[in-house]
Amino acid sequence: SVFTLIQRYQRCIGFKLFRIGSWQLEAWCCPAGEIIPSHSHQTFSSRIIHVLGRMSWTMGDKSKSVSTWQCGWSKPVPAGVNHSAVAHSFSVFLNLERWKTVPTSAAIDFHPA
């Protein structure tokens, strides 16, 4: 439902922090060792914002590893672009989303590569 505040993807848990019109902010908590396989989101573009922990992000042929020291590091992820991640420790990131449709969750609009 549009009003669901908590979502799961594998062992990650997402919390909807706010939604205003086509904009939505989700906070995602991922346990150490979690692998988010390559996927895209078709109905929104987003900006991933690193908050806590050590994660490796891949988008296209580029990879970036970030740690808590890089809190605030962010990367735009256009709709339809494949990306993936690995949580090397317990990690938290924000997903600021701009939807083309009624917002649901990144976990729902998840299309494996």
Side-chain angles (χ1 to χ4, degrees):
S1 139
V2 178
F3 301 104
T4 302
L5 297 178
I6 299 173
Q7 287 289 337
R8 290 187 69 106
Y9 178 77
Q10 297 177 162
R11 297 182 303 144
C12 298
I13 299 174
F15 302 91
K16 187 180 301 183
L17 301 181
F18 75 78
R19 179 172 69 114
I20 300 170
S22 63
W23 290 91
Q24 178 169 277
L25 182 65
E26 291 184 294
W28 284 92
C29 301
C30 300
E34 188 67 16
I35 298 170
I36 301 169
S38 186
H39 65 283
S40 65
H41 304 287
Q42 298 300 312
T43 56
F44 70 88
S45 40
S46 67
R47 178 168 287 274
I48 291 168
I49 304 160
H50 184 73
V51 176
L52 180 73
R54 289 184 304 114
M55 289 190 82
S56 296
W57 294 93
T58 301
M59 190 165 68
D61 59 354
K62 296 200 161 84
S63 292
K64 172 81 173 176
S65 291
V66 292
S67 71
T68 300
W69 300 110
Q70 284 125 331
C71 177
W73 172 86
S74 70
K75 182 77 175 168
V77 182
V81 172
N82 288 332
H83 56 288
S84 61
V86 177
H88 303 288
S89 68
F90 172 78
S91 299
V92 178
F93 66 92
L94 301 174
N95 199 14
L96 179 60
E97 306 153 356
R98 184 158 192 200
W99 288 75
K100 301 177 200 171
T101 60
V102 174
T104 57
S105 171
I108 294 171
D109 183 30
F110 187 99
H111 302 272

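Residues take their numbers from the sequence shown, with the count starting at 1.
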Any side-chain heavy atom of Cys30 sitting closer than 4.5 Å to one from Ile36? yes

Drop me the distance from Ser65's OG to His88's NE2, to the nearest 0.5 angstrom. 5.0 Å

Should Phe110 and Val86 be regarded as members of a common hydrophobic cluster, given that ILVMFWY residues are connected when their side-chain heavy atoms come within less than 4.5 Å of each other, either directly or indirectly? no

Side-chain heavy atoms of Lys75 within contact of Met59, under 4.5 Å: yes

One should read off an interatomic distance between Gln24 CD and Phe44 CZ, to the nearest 0.5 angstrom, of 8.5 Å

How long is the span from the CZ atom in Arg11 to the SG atom in Cys29, to the nearest 0.5 Å? 13.0 Å

Close side-chain approach of His83 and Thr58, heavy atoms under 4.5 Å: no

Is Lys16 paired with Glu26 through a side-chain N to carboxylate O contact shorter than 4.0 Å? no

In terms of hydrophobic clustering (I, L, V, M, F, W, Y; side-chain heavy atoms under 4.5 Å; direct or indirect links), are Leu17 and Val92 co-clustered? yes

Are Ile13 and Leu96 linked, directly or through intermediate hydrophobic residues, by side-chain heavy-atom contacts shorter than 4.5 Å (ILVMFWY only)? yes

Classify the side-chain pair Ser89/Arg54 by whether it contains a donor and acceptor separated by less than 3.5 Å. no

How long is the span from the OG1 atom in Thr104 to the CD atom in Gln7, to the nearest 0.5 Å? 7.5 Å

Ile35 and Gln10: which non-hydrogen atoms are nearest, and at how many Å? O-NE2, 2.8 Å

Check whether any side-chain N or O of Glu34 sits under 3.5 Å from a backbone N or O of Pro31 as a donor-acceptor pair, and report yes or no. no

Derivation and outcome, side chain to side chain contact (heavy atoms under 4.5 Å, CB included), residues Phe93 and Trp57: CA-CA 11 Å; Phe93 66 92; Trp57 294 93; 3.8 Å; yes

Same cluster or not: Met55 versus Val81, using hydrophobic residues (I, L, V, M, F, W, Y) connected whenever any side-chain heavy atoms lie under 4.5 Å apart? yes

Just by modelled atom types, is the Ser45 backbone N or O under 3.5 Å from a matching donor or acceptor in the Glu97 side chain? no

Got a second to check how far Trp73's CH2 is from Ile49's CD1, nearest 0.5 Å? 10.5 Å

Check the hydrophobic clustering (I, L, V, M, F, W, Y; side-chain heavy atoms under 4.5 Å; chains of links allowed) and say if Val51 and Phe90 are grouped together. yes

Should Leu25 and Asn95 count as side-chain neighbours, where that means a heavy-atom distance under 4.5 Å? no

Does the ring centre of His41 sit less than 6.0 Å away from the ring centre of His111? no

Do Asp109 and Lys100 come within less than 4.5 Å of each other through their side chains, counting heavy atoms only? no

Take Ser40 and Gln42 through the side chain to side chain donor-acceptor pair (under 3.5 Å) test and state the conclusion after the steps. CA-CA 6 Å; Ser40 65; Gln42 298 300 312; 2.6 Å; yes

Would you give the length of the straight line joining atom CH2 of Trp28 to atom OG of Ser105, rounded to the nearest 0.5 angstrom? 4.5 Å

